[in-house]
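For this chain, numbers begin at 1 and follow the sequence in order. Read the numbers this way: they start at 1 and go in the same order the structure lists the ligands and their atoms. Note that these values count all heavy atoms, side chains included, but never hydrogens, waters or copies made by symmetry.
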Amino acid sequence: MIDVVIAGAGPNGLMLACELALAGVRPLVLERLTEPSPEQRANGLVGQVVRMLDRRGLYERLAAPGAVPGPTPRFLFGAFPLDLHDLPDNPLYTLMVPQRRIEQMLAERAVELGVEIRRGHQVTGLAQGEKSVTVELHGREPIEAAFLVGADGGHSVVRKLSRIAFPGVTRDSSVSRAGHVSVAQQMVGPGGELVVPGFGVVPPFQHLRTEHGLIAWAPFPGGDPLISAVEWGQPAEGEASLDELRDSVGRVLGADLPLGPPTGPGPHVMRRLFGGNTRIADRYRAGRVLLLGDAAHVHSAIGGPGLNLGLQDAVNLGWKLAAELRGHAAEGLLDTYQSERAPVARRVAMHTQAQSVLIQPGGDVTALRELFGELLAQSGVRQHLADLLSGADISYDMGPAGPATGPLVGRWAPDLPALPDLRRLTSTGRPLLLDPSGVLDLGRWAPLVDAVPAPGLDTALLLRPDCYVAWQGRPAGAGRSAGDGLHEALGTWFKAP
Ligand SMILES: Cc1cc2nc3c(=O)[nH]c(=O)nc-3n(C[C@H](O)[C@H](O)[C@H](O)COP(=O)(O)OP(=O)(O)OC[C@H]3O[C@@H](n4cnc5c(N)ncnc54)[C@H](O)[C@@H]3O)c2cc1C
């Protein structure tokens, strides 16, 4: 019997495959497409996921040689420029890289770790038993697995077959058109901005709201520029076309912008999307079936939060599912996947819905924006938004080792200047005890956790495999030893061998 079948070789299914393999479980990935999809979706990664990939040694596979992850000095929120350069602690890391490249990298990494990816395998049915789930496939023999993970996208068959409800809202009044184009050289300013006669300046890599809709102009270096226009109440049918895109841009700007076809080698985007869904599965688990990524939640792509959410779902689920299969999961561990990650999805749904309102035309929205713009002058508001967009504000319930026992408990482990090796240490995906004293006793959990002497640290930390702090030591004294609470914290997550 296979330990885990993952339905879907999208980014999230592949990330989960890597995490399971790191933890010693060999999943089987089933993908209905025979070749990777040419569809262009994400243009980049935004938020904690960039640092998480770095902690697994995967950032360097995507970034330019020698590049190190760093926060972006400016971003966007609801078509407002979000100036972050003056924040004392800017957590909003970004990495511009096309989704296809991310998927290719993750597939390569999964194969390196011994994962089998079977393309042309479409999941069509499932039957759950007490100890296994039988996965039915189109035109092939069924496969039996201990667990099935549906990473099969927003229209997830696994979710539907498991009768997991997908409540939320569908809005169908907006139409978003986007395409790679060319424009006359004299229309592009020195900073990449578009200068449109009769309108003015369209800044690069920002959302520009007018009283008629939204424009985004993205002159990617070394490729054709991508332009998109969002309108409300402008129905369309048939194939998306350059003429249609040009007309839409003209209506939003109130001025003609001569757009030509792209001149580079491609692949090129020309698409039209209607409305949007914001939906979250009401359960992430039904028996031996779990949902991951877009199968568990869909929301507007505004600001690009999808992969920050989904890839970190995968990192959260990977070690828990592996522990369950290898017999060292504490009771209820697998259920914390939903209790930890569904609230994060709800925060993403909240801010993407809020942004979707802020970009709409209309006088009442303009009034709301005026107020919002005043609030954005305050650096505390911008810090709040940066924390929200990045996911740096996540704090998980760590049970008895609650936040009262140490300010880092429940939070993502920050970079530790006294431990420059942290990145290499976390790349194994194993839990770590970072111990400045070098004498803390892991007891019966010693085979499961790597103890790392960390003389430069001023506090001991227990890191879960997903880099969240599960316990923080306090100095010994007043009847307390430095390791107080460590074994309770370990027992919250792991059954001692
Ligand atoms: C236009 C657009 C722009 C976006 N921009 C960004 C961005 O800039 N940043 C960002 O972070 N996110 C962005 N997103 C969101 C991001 O693309 C998704 O969140 C991400 O693709 C979800 O990954 P996934 O692995 O969960 O699902 P998917 O990528 O949908 O992958 C699911 C896989 O499952 C396969 N599959 C489906 N059914 C079956 C079956 N029955 N059996 C076997 N295999 C099956 C599919 O073929 C597919 O390969 C964007 C999305 C869109 C649409």
[X] [atom1] to [Y] [atom2] distance, which is reported to the nearest 0.5 Å:
X: S395; Y: W412; atom1: OG; atom2: CH2; value: 14.5 Å
X: L307; Y: M15; atom1: CG; atom2: CE; value: 11.0 Å
X: L242; Y: H268; atom1: CG; atom2: NE2; value: 11.5 Å
X: I359; Y: L76; atom1: CD1; atom2: CG; value: 11.0 Å
X: D294; Y: R279; atom1: CG; atom2: CZ; value: 14.0 Å
X: Q360; Y: L358; atom1: CD; atom2: CG; value: 9.0 Å

Between ligand 1 and [X], is the shortest N or O to N or O distance under 3.5 Å?
X: R32; value: yes
X: Q40; value: no
X: G304; value: yes
X: Q99; value: yes

Check each atom of ligand 1 against the heavy atoms of [X] and keep those under 4.0 Å away; list them by number with element.
X: G293; result: 26 (O)
X: Q122; result: 41 (N), 42 (N)
X: G8; result: 33 (C), 34 (O), 35 (C), 44 (N)
X: L33; result: 47 (O)
X: R271; result: 1 (C)

Taking heavy atoms and a distance under 4.0 Å, where does [X] meet ligand 1: side chain, backbone, both or neither?
X: L30; result: backbone
X: L307; result: both
X: A151; result: backbone

Protein contact of [atom] - nearest heavy atom, named by residue and atom, plus distance:
atom: atom 23 (O) of ligand 1; result: N12 ND2, 3.2 Å
atom: atom 50 (C) of ligand 1; result: A301 CB, 4.0 Å
atom: atom 37 (C) of ligand 1; result: D152 O, 3.4 Å
atom: atom 18 (C) of ligand 1; result: D294 OD2, 3.4 Å
atom: atom 15 (C) of ligand 1; result: G306 CA, 4.4 Å

In terms of side-chain heavy atoms, does S132 have a donor or acceptor partner in E144 at a distance below 3.5 Å?
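The criterion, which ignores hydrogens and geometry beyond distance, is satisfied for E144 and S132.
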Between the side chains of S379 and D86, does any donor sit under 3.5 Å from an acceptor?
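Checked: S379/D86 side chains show no N/O donor-acceptor pair below 3.5 Å.
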G44 near ligand 1 by a heavy-atom separation under 4.0 Å
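The answer is yes, since G44 has a heavy atom less than 4.0 Å from ligand 1.
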Has E193 got a side-chain atom pairing as donor or acceptor with P204's backbone, closer than 3.5 angstrom?
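Checked: no pair found.
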Given [options], which has its nearest heavy atom closest to [atom]?
atom: atom 2 (C) of ligand 1; options: H121, E31, R41; answer: R41
atom: atom 7 (C) of ligand 1; options: G10, A42, G153; answer: A42
atom: atom 41 (N) of ligand 1; options: L106, V123, T124; answer: V123

Which residue, E136, H138, E31, forms the side-chain contact (heavy atoms from CB on, under 4.5 Å) with Q122?
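Option passing the side-chain contact (heavy atoms from CB on, under 4.5 Å) with Q122: H138.
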Measure centre to centre between the rings of F220 and F205, then say whether the value is under 6.0 Å.
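Here the rings of F205 and F220 have centres that are less than 6.0 Å from each other.
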Does the ring of F166 carry R159 above it, NZ/CZ under 6.0 angstrom from centre and within 45° of its axis?
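Geometry flag: set, cation within 6.0 Å and 45°.
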Check the orientation of H351 and F77. Use parallel for under 30°, tilted for 30 to 60°, and perpendicular for over 60°.
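Ring orientation, 0 to 90° scale: tilted.
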